[in-house]
Amino acid sequence: MNEKDLAIFVGKKIREYRKKKKLTQKELGDIIGVKHNTISNYETGTISPEQDALFALSRALDISIDDLFPHSDEDNDLEKALSFSDDMDLNDIDFLNKLIKQTKSLKGDERKKFIDNIRFAVEYFDRMNK
């Protein structure tokens, strides 16, 4: 999927979830701090929301950021986790799935910092259990 198609896909999802919440473009814009024509431009794919706008939209619409993006058949992280986890309970698997989704939602330095923090925690745990 190219960048323009992705912008259109995300825009359609924003519109879908906005309508489910029975919000006008103006109301959604007021909630997230942008003008209604910005919401219109998001929904048509004319412009793509920046990262902070994506977070604001997900909060305002009570959805995950992932809900705005396409999912592939290969993208079922919970199923992947289940296949590798014979002795893990559902809460552990769900937590790992959330870590994966959070990691995928981040970009650049933010993703690197997030992974570095997880790596630090794992290495610390390993050192304490030697």
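Numbers here simply count residues along the sequence, with the first being 1. If you're wondering where the values come from, they're calculated on a predicted model, not measured in any experiment.
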Item to complete: Identify the two heavy atoms, one from I32 and one from A56, that lie closest to each other, and give their separation to 0.1 Å.
Response: CG2-O, 3.6 Å

Discussion item. Does this structure show an ion pair linking K13 with D67, if we count only N-O contacts that are shorter than 4.0 Å?
Written reply: no

Discussion item. Quick check: is I115 connected to L96 through a chain of hydrophobic side chains (ILVMFWY, heavy atoms under 4.5 Å apart)?
Written reply: no

Discussion item. With a 4.5 Å cut-off on side-chain heavy atoms, are L68 and Y17 touching?
Written reply: yes

Worksheet item: If only atom types and distance count, is the side chain of N37 paired as donor or acceptor with the main-chain N or O of S40 below 3.5 Å?
Response: no

Worksheet item: Which atom names give the shortest non-hydrogen contact between N2 and D5, and what distance separates them?
Response: OD1-N, 2.7 Å

Worksheet, complete the sentence: Heavy-atom nearest pair, A53 first then Y42, reads CB-OH, 3.5 Å

Discussion item. Can you confirm whether R59 sits close enough to F55 that some side-chain heavy atom of one is under 4.5 Å from a side-chain heavy atom of the other?
Written reply: yes

Discussion item. Quick test of your reading of the model: are K12 and E16 salt-bridged, counting only N-O distances below 4.0 Å?
Written reply: no

Worksheet item: Do K112 and D109 meet the salt-bridge criterion of a basic N to acidic O distance under 4.0 Å?
Response: no

Worksheet item: Could you give the distance from CD (Q102) to CD1 (I65), rounded to the nearest 0.5 Å?
Response: 7.5 Å

Fill in: Sidechain-backbone polar pair: T38 side chain, V34 backbone, donor-acceptor under 3.5 Å
no

Practice prompt. Kindly give the heavy-atom pair with the smallest separation between K104 and R111, and that separation in Å.
Written response: O-NH2, 3.2 Å

Item to complete: Spell out, yes or no, whether L57 and I63 are grouped together once hydrophobic residues are joined by side-chain heavy atoms under 4.5 Å, including indirect joins.
Response: yes

Worksheet item: Just wondering, more than 12 heavy atoms not from F95 lying within 6.0 Å of its CZ?
Response: no

Discussion item. Tell me if a side-chain donor or acceptor on K4 pairs with a main-chain N or O of G45 at a distance below 3.5 Å.
Written reply: yes

Worksheet entry | Distance in Å, S105 OG paired with L54 CG, rounded so as to fall on 0.5 Å steps | 9.5 Å

Worksheet entry | Pairwise distance CG(L28) to CD1(I39) - rounded to 0.5 angstrom | 4.0 Å

Worksheet entry | Over all atoms of both residues, closest heavy-atom pair of D62 and K21 | OD2-NZ, 2.6 Å

Item to complete: Verify, without hydrogens or angle tests, whether R18 (side chain) and L61 (backbone) share a donor-acceptor contact under 3.5 angstrom.
Response: no

Discussion item. Could you report the tightest heavy-atom contact between F9 and F69, atom names first, then the distance?
Written reply: CE2-C, 3.4 Å

Practice prompt. Using modelled atom types only, decide if a donor and an acceptor are shared between the side chain of E27 and the backbone of T24 within a distance under 3.5 Å.
Written response: yes

Worksheet entry | The single option from K35, R15, H36, E43 passing side-chain hydrogen bond (donor to acceptor under 3.5 Å, both in side chains) against Q25 | E43

Worksheet item: Are R119 and D116 close enough that some pair of their side-chain heavy atoms sits under 4.5 Å apart?
Response: yes

